[in-house]
Amino acid sequence: MNKRLVEGGHTNAFNEGESNEAGMNTSCLLLKNMQRMAFWLLTLAATNVGAAITSRYNLPPAASALAQEMYELHDFMLIICGAIFVLVFGVMFYSIWKHRKSKGAVASNWHENITVEIVWTVIPFIIIILMALPATRTIVAMKDTGNADVTIKATGYQWQWGYDYIRGEGEGIGFLSQLATPRSQIEGNEAKTPLYLSEVTQPLVVPVNQKIRIITTANDVIHSWGVPALGVKQDAIPGFTRDAWFRGDQIGTFYGRCYELCGKDHAFMPIAVQVVSAEDYTKWVTTRKEAMAALADDPAKTWTQTELVARGEKVYTANCQACHQATGLGAPPAFPTLAGSKVVANTPELIQILLNGRNAMPAWKGLSDVELGAVATHVKASFGNNGGIVQPADFRAARK
Amino acid sequence: MSAVTPASAGASEHAITPPLVPGHAHGSDDHADHAHDHAPYGWRRWLYATNHKDIGTMYLWFSLTMFFLGGTLALGIRLELFQPGLQFWRPEFFNQLTTMHGVIMVFGAIMPAFVGFANWQVPLMIGAPDMAFARMNNFSFWLLPPAALLLVVSFFVPGGATAAGWTLYAPLTVQMGPGMDLAIFALHIMGASSIMGSINIVTTILNMRAPGMTLMKMPMFVWTWLITAYLLIAVMPVLAGAITMTLTDRHFGTSFFNAAGGGDPVMYQHIFWFFGHPEVYIMILPGFGIISQVIPVFARKPLFGYASMVYATASIAILSFMVWAHHMFTTGMPVTGQLFFMYAAMLIAVPTGVKVFNWIATMYRGSMTFETPMLFAIGFICVFTLGGFTGLILAVAPIDIQVHDTYYVVAHFHYVLVAGSLFSLFAGAYYWLPKWTGHMYDEKLGKWHFWLSMIFFNATFFPMHFLGLAGMPRRYADYPMQFADFNAFASVTGFGFGVSQLLFLYVIVKCIRGGPKASADPWQSIDGGLEWTLPSPPPFHTFETPPVVK
C-alpha cells in the first residue's frame, strides 16, 4: 500500500532516489543528484510563491475535493488581502517617507472628503461580497451529508477515539484508536520518530472515492475530530451527535488530531485515516470481522481470578490508566486514587460506577461484560487492595 | 477639539503633585496643600482614594503588574513548547498556564489598563472635575486586587488553577478542582468592577462635559470609551450568567450544560461568545481612541473624517453583538446559521477598514515626526491591520474550519490583542506620561522599546500563522515533529519580547523619578485637547470651574 506522509509528500520521492543509488554508475548518480537538486529548487520556488508543496507553511495538500476547495479559497483570500495590504500600506509608507517634518513637509488641512469616504466604504463592501460568494458554495457542499456510502461514528473519549462502522460496507466493526507513540519518546528517553504523536494503534480505514459520513459524539467532554487533508473538522459533543463528510480522492494515510481542549492529554489523541482501494477495503473488512468473531467471548463461561486479572490488566492499560495512572494513585480530586479505595472494595458500588460513571468518571457501558469483570477483578487484586473476584455474569446481571 | 478657555488654570495655586508611584514622590513641601484640600495622605490616600487621577494611577500599576504576571505565564508556555516532548511541565500544568495567561491578560491587564486611561483622561479631556461617582470609583478599583489574589491563589489549591482554557468551556469545567471556583469568583468580582467602572464612565461623559463640548466635539478617545462602556454594561452580566451556571452545574446538581440532565454544552458556548465577541471590541475600541488622539498630533493635521470615525466605532459595536457564533463554526450548526454568521462577521471589515483608511488619510499630506507614541501608533496600524486581514480570512467559514483551534487563531488574536490593544496602550502611555508625571520620558529608550517590541512581536507570532495553517492545534503541551522549527524560533523570540517589556517598566520609573520638565503641551498638539491646557503634572484637583469649549 502506498503509505504517504501528509506533512511531506515529497519525502518518498527523495528516499526512492537514495535507495537506488547503490547500483548506479557515476554519471547516473550525477544525473540523479541534479534531479534531486532540481526537485528541491522547485520545492523552494513553489513555497515562495505560496503554492506550498509541504505543509509546513500552508494548509496540507488536499486529499479530498472539499479540502481542495478550502485550499483554493484560502489562496484566493490571501491574494486579495495581500493586494489590499500592499496598496494601503504603500500609501502609508509613501506619506511617512514624503510627508515628514524633517523633509520640510507642511501639513495641509485636508480632513474631510465625503466622496473618498463613500468610496472606501463601498469598495470593501463589494470585495467582501466577492469573497463570500465562493465561500457560500463550499459551505452548502460541506453541509450536504446525505447519501453516504459508509457511515462511521467517531466517539471522543478522554483521551482516545472510538470508531463504529454503523452503515455501509464494514457495518458492525468497532474499535478504539489510541496514541501509539511510546511514553519514553514523549519524555525524551528515546529518539522521536517522524510519526511522533501522529501514529495510532489502529487507524480508521475507509475506501477511496466513496462518500464517508462521520458522525461525531463524545463520552465525557467536547472533543473535535479534525483531519485537515480531508477538509473535515467537527466537534464531538457529549450527549449530541453532529456530522460531516469527506470523499478521499487518493490512497494514503492522513493524519489529524483532537482540536478542542479536552483535558490533560488533549495533545495525545491523534487521528489517522487510511484511505485504501475498494479491494483492499473489502479485504480489511473481512479480516477484521473474522478477528472480531474469534475474539468474542463465551458468555456462559465462569472465569478464574488469574484469567480475569491478566485480561483486566490490558483493559486497565487501554482505558483507565490515563486518569487513574499506572500506579492506581490517580490525580485527586478529579481522578480518585484506587489504592485502598472503599469504592473498589464495595463490589456493587464498583459495578455501578463502572457501568454508569460518576463525576469525571465516564460510563463504561461500551465495554463488554468480560472486559468489565476483568478490569474490576484486576483493580481489586492490585494497588494493595484486598482482592476478590467479579464475574462477567455480575455485570450482565447489573445491566438488567 | 477647537479653542479652549483655560478657565481653571488657576487651580495650580493649590497643587498637589499626583505621584505615579504610591508612597514615592510624596514631598513634604505640599503638606500645606493637603491641609487645604483635606486630601488624605500616606496609605489612606490610596485606600480611600476618590480622586480620579489617583485611582487611574492605581489601575495602571495594577494592570502593569498583571501584565508581567501574565507574561511570565506565557514564558512558561513558550518554555515547554521550545521542543517537542514534555520537558518542563506536566500537561495538566501546561493547560493551567495557557488558561491563566489568557484570563489574567484579558481581565487583569488589558481591561483595567484601559479603565486606568479612562480614569486619568476622560475628566481631563471633557473638562470635568472628577468622575461622576467618586466613591464607586474607589470601590471598582479596590475590587480588583482581591480578584487577582484569588486567581494567584488558585494555583496553590488541590488540582491547581483552572485548566479549561480562558473560554472555560463546559463540560470540561465540571472536571476542574476548586481552582475553577476561585476563577469563577474572581471573574464575578472583576465583572462587577467593570460594570461599576462603565456606569461611572457613561455618567461622567454624558453629564459632566464642559459647556460647549457637544457630543460631536468630544475627543475620539472619549467617544470610543463611551461606546465601550455601553458594551461592557451589556455583556459583563452575560458572562456572569454563564459562569454562575457553570458554578451551579459543578456544585448544585443543575444541568444547564449537561446533556444527561437535559442541558446542552453548546449553549455555554453561545452564551460565552455573546459576551466574548463584544469583549474583544471592548479591548480594542479604546485603543482605536488612543490611536486617533496620537496620529493627528504627530502628523500635525486634524483627524481625517472625525464623524465617520464615530459612526464606524458605533457600527463595530452594534455588529459585535451579531457575530458571536463565528467562534463556533466547528460545533456544527445549520447551513443558514453558518452563512448568516459568516456574512455578519465579514461585514465588520467595512467599518474597521474605514478607521484604518482614516488614520492613513490623516498622515497623508501631514508633517510627521516619529516620537515613541507615533511609532507605536504606526506600528499598531501595520500589525493590527494584519490581524484584521487574518480575521477576515477566519470569518470565511470553510477556511475557519480548517484552521479553527489552531495556531492560526493564536496568531490572529495576538496580532489584534498584543499588536492592537497593547501597542495602543504603549502609544497612549508614552503620549500622556509627560502630562501625568510632569517629566519627559527617555525618548531614546522609548524608541528602543518600540523597535524591540515590534521586531520580537512579529518574530514570535508571524510564524504561528504557518504553524496553524499546517495544522498545529492550540493548547497542546506537545506537538509532532513537523512543527518543531517554528516553535523553537517563536520560543526564543517570545522570551525576547518578554524581556523587552522590562525596558518599558524602566522607562516609566525613570520618567516618574525625574527627567526634563514637561511643558503644559509638550507635543504642541494642533487640535489640542483640554488636558493640554493644564500644567504638567496637573494639580490634584482640576477643572473645578469648567472650561468653556467654543
Side-chain angles (χ1 to χ4, degrees), chain A residues 7 55-60 70 73-74 77 81 91-92 95 99-101 105-108 110-112 117 120-121 124-125 128 132 135-136 138-140 143 186-188 192 194 196-198 221-222 224 228 233-235 237-240 242 257 259-261 263-267 333-334 360, chain B residues 84-87 91-92 95 158-159 165 169 171-172 175 177 259-260 265-266 300-305 308 330-332 335 338-339 342-343 346 349-350 353-354 357 360 363-369 389 393 396-399 401-402 404-405 466 469-471 473 475-478 480-482:
Chain A
E7 44 259 50
S55 69
R56 280 159 56 100
Y57 298 93
N58 203 346
L59 294 167
M70 294 168 182
L73 208 51
H74 176 253
M77 294 284 297
C81 290
V91 176
M92 190 180 86
S95 314
H99 306 144
R100 49 168 69 206
K101 203 180 172 194
V106 180
S108 73
W110 186 64
H111 67 96
E112 226 159 8
E117 289 179 66
W120 69 39
T121 309
F125 189 73
I128 279 170
T136 303
T138 310
I139 290 177
V140 173
K143 285 287 169 188
I186 296 171
E187 277 157 12
K192 294 175 175 57
Y196 177 72
L197 295 194
S198 294
V221 298
I222 302 177
S224 187
K233 188 181 288 161
Q234 177 58 58
D235 286 1
I237 300 158
F240 292 84
R242 296 286 199 270
R257 1 211 122 253
Y259 280 93
E260 185 62 64
L261 178 63
K264 73 180 180 72
D265 285 350
H266 174 44
Chain B
L86 294 175
Q87 286 88 18
E92 301 89 302
N95 290 345
Y169 275 12
L172 187 59
Q175 291 184 356
V266 178
R300 289 164 187 76
K301 191 164 159 273
L303 182 67
F304 191 91
S308 69
T330 62
T331 55
V335 65
Q338 211 157 62
L339 289 175
M342 178 176 83
Y343 298 150
M346 294 177 82
V350 176
V354 166
F357 298 143
I360 291 176
M363 290 191 246
Y364 184 72
R365 287 166 58 198
S367 170
M368 277 185 273
T369 52
F389 280 131
I393 291 174
V396 177
I399 305 176
I401 284 182
Q402 283 291 45
H404 179 81
D405 262 324
F466 300 133
L469 285 171
R475 296 162 169 171
Y476 261 30
D478 194 5
M481 304 303 280
Q482 85 196 83

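Each chain gets a letter, A, B and so on, in the order the sequences are listed, and its residues count up from 1.
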Is any side-chain heavy atom of [Y] closer than 4.5 Å to one of [X]?
X: B:Pro480; Y: A:Arg257; answer: yes
X: B:Asp405; Y: A:Ser224; answer: no
X: B:Thr369; Y: A:Arg100; answer: no

Non-hydrogen atoms of chain B under 4.5 Å away: do they reach the side chain of [X], the backbone, both or neither?
X: A:Val140; result: both
X: A:Lys143; result: side chain
X: A:Gln234; result: both
X: A:Ile237; result: side chain

For each of [options], tally heavy-atom pairs with chain A at distances under 4.5 Å, and name the one with the top tally.
options: B:Gly177, B:Pro91, B:Ser367, B:Pro158; answer: B:Ser367
options: B:Gln402, B:Glu92, B:His404; answer: B:Gln402
options: B:Gly471, B:Pro171, B:Gly353, B:Gly305; answer: B:Pro171
options: B:Tyr169, B:Phe304, B:Phe389; answer: B:Phe304

Between [X] and [Y] (side chain of the first, backbone of the second, donor and acceptor by atom type, cut-off under 3.5 Å), is there such a pair?
X: A:Lys192; Y: B:Met481; value: no
X: A:Ser95; Y: B:Met363; value: no
X: A:Arg242; Y: B:Gly332; value: yes
X: A:Lys233; Y: B:Ile401; value: yes

Of all of A:Gly239, A:Gly263, A:Ala132, A:Ala107, which one pairs up most often with chain B through heavy atoms under 4.5 Å apart? A:Ala107

Which bit of [X] is near chain A, if near means a heavy-atom gap under 4.5 Å: side chain, backbone, both or neither?
X: B:Asn95; result: side chain
X: B:Val335; result: both
X: B:Ala260; result: neither

Can you see which heavy atom on [X] is nearest to which on [Y], and at what distance?
X: B:Ile393; Y: A:Met77; answer: CA-CE, 3.8 Å
X: B:Tyr343; Y: A:Thr136; answer: OH-OG1, 2.7 Å
X: B:Gly165; Y: A:Leu261; answer: N-CD2, 3.5 Å
X: B:Ile399; Y: A:Met70; answer: CG1-O, 4.3 Å
X: B:Arg365; Y: A:Trp110; answer: NH1-CG, 4.2 Å
X: B:Met342; Y: A:Ile139; answer: SD-CD1, 3.6 Å

Do B:Thr330 and A:Asp235 have side-chain N/O donor and acceptor atoms under 3.5 Å apart? yes

Hey, could you give me the CG/CG distance between B:Leu469 and A:Leu59, rounded to the nearest 0.5 Å? 5.0 Å

Nearest-0.5 Å distance that lies between atom CD in A:Glu260 and atom CZ in B:Arg475: 6.5 Å

Under the side-chain contact (heavy atoms from CB on, under 4.5 Å) criterion, do B:Arg300 and A:Lys101 qualify, and how do the steps go? CA-CA 9 Å; B:Arg300 289 164 187 76; A:Lys101 203 180 172 194; 3.8 Å; yes

B:Phe357 meets the side-chain contact (heavy atoms from CB on, under 4.5 Å) criterion, sequence neighbours left out, with A:Val88, A:Trp120, A:Pro124

For A:His99 and B:Tyr364, take the angle between the two ring planes, folded into 0 to 90°, and tell me which bin it lands in: parallel under 30, tilted 30 to 60, perpendicular over 60. perpendicular

